[in-house]
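Report on the structure given below.
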Amino acid sequence: RSNWKFRVFSRWMPHNERFVRGGDIVQLFHAEADSLLSFGGSSSPDAQGRVYLCPKTDQEEALALCSLWRIEKEEVFDGSILTFGGGCRLRHLATNQYLAVRQV
C-alpha cells in the first residue's frame, strides 16, 4: 500500500468531485515523504530529465510547474472518468515528457 494522493487542478463539477478524468491536471503528493513528484531537466525529446520527490514547502505555488502532470487516457482526447484497471499515462505539463517506470 502506498501513500500517494492526487491534488486535482481542474474545473469543479459537483457530481464528479470524487472522480479523475482524462485531461485533468494533477499533483502527486507522497504523504509519508511530505513531498511532490516533480520533474527537472530538458524539454528536448532526446534529453533525459530527472523525476524526484520535492519537499513540500509554504511556497508550493513556486514549485507548481515542475510538479504538475496531465492525466491522459489511452485515447488522448478521451476526457471521460478513469476506471479501475483502465489504462492511462502521466505527461509532465511543462515539458510534455511522459512518466515511465523502468526496472533498474
Side-chain angles (χ1 to χ4, degrees):
R1 183 161 187 214
S2 178
N3 251 339
W4 288 100
K5 298 182 191 289
F6 280 84
R7 182 175 174 191
V8 180
F9 292 86
S10 295
R11 188 171 47 127
W12 184 76
M13 301 172 84
H15 59 283
N16 288 335
E17 70 181 49
R18 293 188 174 263
F19 300 103
V20 178
R21 297 178 162 273
D24 280 351
I25 307 298
V26 298
Q27 275 183 326
L28 286 91
F29 176 71
H30 194 280
E32 291 173 353
D34 197 30
S35 299
L36 298 165
L37 185 70
S38 301
F39 178 82
S42 173
S43 60
S44 165
D46 299 331
Q48 294 208 358
R50 183 171 73 91
V51 175
Y52 59 96
L53 288 174
C54 183
K56 188 176 168 188
T57 66
D58 292 336
Q59 300 167 344
E60 188 176 322
E61 289 75 23
L63 301 171
L65 192 56
C66 69
S67 63
L68 292 177
W69 303 84
R70 179 184 306 277
I71 295 177
E72 290 183 359
K73 294 186 77 174
E74 291 175 350
E75 176 58 46
V76 178
F77 300 109
D78 184 355
S80 63
I81 294 171
L82 291 176
T83 57
F84 184 76
C88 74
R89 45 187 180 249
L90 295 174
R91 183 190 290 246
H92 189 251
L93 194 62
T95 64
N96 285 326
Q97 298 285 330
Y98 287 103
L99 180 64
V101 178
R102 286 181 261 193
Q103 187 174 11
V104 224

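- Residue Glu74 comes nearest to Gly87 through the heavy atom pair OE2-CA, 3.6 Å, listed as atom of the first residue, atom of the second, then distance.
- The minimum heavy-atom distance linking Arg91 with Glu72 is given by the pair NE-OE2, 2.7 Å.
- In this structure, the separation between CZ on Phe6 and CD1 on Ile25 is 12.0 Å, given to the nearest 0.5 Å.
- The side-chain heavy atoms of Ile71 and Leu90, taken from C-beta on, include a pair separated by under 4.5 Å.
- Heavy atoms only, all atoms of each residue included: Gln27 and Leu36 are closest at NE2-CD1, 3.7 Å.
- Taking CG of Leu93 as the reference point, atom SG of Cys66 lies at 11.5 Å (rounded to 0.5 Å).
- Between the Arg21 side chain and the Gly79 main chain, a donor and an acceptor come within less than 3.5 Å of each other.
- Counting only distance, with no hydrogens or angles, the side chain of His92 and the backbone of Leu99 share no donor-acceptor pair below 3.5 Å.
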For this session: Under the side chain to side chain contact (heavy atoms under 4.5 Å, CB included) rule, what do Leu37 and His30 come out as? Steps first, then yes or no, please.
Result: CA-CA 8 Å; Leu37 185 70; His30 194 280; over 6 Å; no

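- By the rule that hydrophobic residues join a cluster once side-chain heavy atoms approach within less than 4.5 Å of another member, Tyr98 and Val26 end up as members of separate clusters.
- Closest heavy-atom contact between Phe39 and Thr95: CE2-OG1, 3.6 Å.
- Within the 3.5 Å criterion, the main-chain N or O of Gly23 finds a donor-acceptor partner in the side chain of Arg70.
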